[in-house]
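Every chain is numbered from 1, with letters handed out A, B, ... down the list of sequences. In what follows, every heavy atom counts, from backbone to side chain, and hydrogens, waters and symmetry copies are set aside.
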There are 2 protein chains.
Amino acid sequence: MAHKAVNLKMLSETLGLSQTTVSRALNGFPEVAEKTRARVVEAAERLNYRPSPSAASLATGKSRLIGHVVSLSTHIMINPHFADFIAGAGEVYAESGYDILLRLAPLEEQERIYLNLAQDQRVDGVVVHGPLTGDRRIGILNALGLPFVVHGRSDEEGSDYAWMDVNNRRAFHRATEFLVDLGHRRIALVNGLETMNFAERRRQGYATALAERGIRLDETLMFSGDMTEPQGYRATRELMALQEPPTAILVASVLPAMGVARALGEAGLRPGPDMSVLAFDDCLSFLEPIDTDAPRDIPYFTAMRSSIRDAGKRVARMLLDRIDDPRRPLESELWEADFVIGQTTAPPSRR
Amino acid sequence: MAHKAVNLKMLSETLGLSQTTVSRALNGFPEVAEKTRARVVEAAERLNYRPSPSAASLATGKSRLIGHVVSLSTHIMINPHFADFIAGAGEVYAESGYDILLRLAPLEEQERIYLNLAQDQRVDGVVVHGPLTGDRRIGILNALGLPFVVHGRSDEEGSDYAWMDVNNRRAFHRATEFLVDLGHRRIALVNGLETMNFAERRRQGYATALAERGIRLDETLMFSGDMTEPQGYRATRELMALQEPPTAILVASVLPAMGVARALGEAGLRPGPDMSVLAFDDCLSFLEPIDTDAPRDIPYFTAMRSSIRDAGKRVARMLLDRIDDPRRPLESELWEADFVIGQTTAPPSRR
DNA sequence: ATCGAAATCCAAAGCGCTTTGGAAACTGGC
DNA sequence: GCCAGTTTCCAAAGCGCTTTGGATTTCGAT
């Protein structure tokens, strides 16, 4: 193990070359002979030379860091979805030699933070998480000229931006239709926080599907909040206390869906035969069987399914592409959720 | 908005001071007059001066970045616990002007990564996640002289290190005793991966408690694996298929505990009256009610409880302290888990 | 008044990399 | 052989900060 890290100067001296040439050889510039390059690379390897990131960053203005600013105030809880998203994204970053700079901050501070990150050149790009409808972060980022990709959409007027989203409206439209086709008329919606754009779209899909089938919206069947297990539990208890309870529940995530199942269980009802439960499933890793060789069970929940980890990969890829070429045309991508039939949906029981 | 970011040189010129003085004024050195300092600070504020992190990093060798290297290979899944831990840690970092550098990498690459991070001076310290018994990362980090704190313990021989852990052995010892006191004799253990040190300790606590009460260990009642919901589900199904099923199940996390509950529900059994379920609860945010004003429900699971988010805070604090003064004596901290009685434990039903 | 100490401030040398603007050394074609 | 055109390489100027080693000023005490 070298006692003192070897730097470019030392390396170039050992080679009898200038720093310029060595630097260029290592960074793949065309104006250095292949033979020289090979020599340089070999020596670098042998001496365990590693360029200093901060020096490189100072000279180039690039940090090879991708900013992820997420909120975790008590209200908008840190969602477990984030871990899987970042798992996907991080894999892509690692392949390309980038690291994640993670900063935790409440939403109201994020605009300022983006401004600082941009001015400091601390990151080469950022991913916007959990966009609201009319999210102000997007305008700021466009003004700053900092490359970014939005996970989700914001419906921001006028400003264009790169995004990747799942078709939440369509997914919930289809899910609602599916339940109606099974014979359900009273369908509850346990939604995410509707200040979030994705939750708003989901409600729209649900609402239009009902309207198309001539079913009137019933506010008492609609819930909105952070997608936790207790949310599902509580909503279900309230629903079952209604004079005319629903026969089906549409849930925004598998997490609250588990709360739904727990509440039903306590009441002696079985998901499926007694109450249909249909959830949006982000394929969260801790809810999946790990052993992929094992015979795959029939999925428990009937669900609209879209891997958030894959979304993380895709968003990261898009962002790195933008960083490589900031003036490329803005991309956007809309994924359709898979519809998988599980054990928790059935025609309404008549009692 | 300034068109071009103002740097130290410009700032010092506007003030008619040298860069040295300005730098010292801003960094709180004693050899600058209070009056001058005030002037400098005011001007810095007014001109929106922000020191360049990479330049500062190059000059000082400090990056103000804390490394978190986590694995997410398919085998060791990215655990949802991580999100909450990082939520706590990130809060502390943010207060002190640090950011998280997050790198995803399989365990077998982590030693090399620490080496690189240290040589590159890319981070000022690291947190070690998920220590194994005899974890090699600890020796490497000690050799590198990179400040670090271990979340958990490793039982590494000889090498000393700073750590923070919950008393897993005691917690599972107490839990087992509690169940025995209720009259249970056949108690299953659905444990985490026992290559992880924490899971090993938990098994020890369980085993010694049983031994003390003269109950023979039964391998068919013991499971070990990634702590997912399906793990609990599958284990429970296997347990119920036994000729002589257990009357109580000790579970390593609330996540598999939910799988346990689901399996029981399907079989028409109710957690508590029909089968006792006792879980270790990390207070995962997505399983907690968010609205803390609401009357708090009686906790569902009887559990040993210790907030992983608080652990994140504490570990971060310890690490920052070490970075401030690397030669301070090594600290370690052992937390006792709270024991909370919920609705899922009862004396064994006799049937 | 005068002197040493304390308080202020500064010029300049790094930190380790990239990159500009040439210079020197090869080519091949005549 | 000689010259224009490539190749191949280099010296030196940044990038923006911290910090060393003084220089200058201020000030209380003699």
Sequence neighbours left out, what passes side-chain contact (heavy atoms from CB on, under 4.5 Å) with B:Thr36? Give chain and number order. B:Leu17, B:Thr21, B:Val32, B:Ala33, B:Val40
Parallel, tilted or perpendicular, judged at 30° and 60°: which one describes the rings of B:His129 and B:His68? tilted
Does the side chain to side chain donor-acceptor pair (under 3.5 Å) test come out yes or no for B:Asp155 and B:Thr133, once each step is laid out? CA-CA 6 Å; B:Asp155 285 332; B:Thr133 299; 4.9 Å; no
Could you tell me the separation between the CG atom of B:Leu11 and the P atom of D:dT18, rounded to a whole number of Å? 12 Å
B:Gln121 has an atom CD; how far is it from atom P of C:dG16, in whole Å? 8 Å
The residue, B:Phe29 or A:Ala55, whose nearest nucleotide of DNA chain D is more 5′ is A:Ala55
Who pairs with A:Arg39 by salt bridge (charged side-chain N to carboxylate O under 4.0 Å, His left out), at least two apart in sequence or on another chain? none
Within this structure, what is the CZ-to-P distance between B:Arg64 and D:dG16, rounded to whole angstrom? 21 Å
Below the 4.0 Å mark, does C:dC15 have OP1 or OP2 next to a side-chain nitrogen or oxygen of A:Asn7? no
Presence of A:Ser23 side-chain N/O under 4.0 Å of C:dC17 phosphate oxygens OP1/OP2: no
Specify the closest pair of heavy atoms between A:Phe148 and A:Asn142, including all atoms of both residues, with the distance to one decimal. CE2-OD1, 3.5 Å
How far does CD of A:Gln19 sit from CZ of A:Arg24, to the nearest 0.5 angstrom? 12.5 Å
Just how far, in rounded Å, is P of D:dC17 from CD of B:Glu13? 12 Å
Close N or O pairs between protein and nucleotides 8-12 of chain C (under 3.5 Å):
residue: C:dC9; atom: OP1; partner: B:Thr36; partner atom: OG1; Å: 3.0
residue: C:dC9; atom: OP2; partner: B:Ala33; partner atom: N; Å: 3.4
residue: C:dC9; atom: OP2; partner: B:Thr36; partner atom: OG1; Å: 2.9
residue: C:dC10; atom: OP2; partner: B:Ser18; partner atom: N; Å: 2.7
residue: C:dC10; atom: OP2; partner: B:Ser18; partner atom: OG; Å: 3.2
residue: C:dC10; atom: OP2; partner: B:Thr21; partner atom: OG1; Å: 2.9
residue: C:dC10; atom: N4; partner: B:Arg24; partner atom: NH1; Å: 3.0
residue: C:dA11; atom: N6; partner: B:Thr20; partner atom: OG1; Å: 2.5

Please report, rounded to the nearest Å, how far the P atom of D:dG14 is from the CG atom of B:Leu8. 17 Å
To the nearest Å, give me how far apart NZ (A:Lys62) and P (C:dG16) are. 24 Å
NZ-OG distance between B:Lys313 and B:Ser307, expressed to the nearest 0.5 angstrom: 7.5 Å
In whole Å, what is the span from the CG atom of B:Asn27 to the P atom of D:dC17? 10 Å
From CG of B:Leu58 across to P of C:dC15 the rounded distance in Å is 9 Å
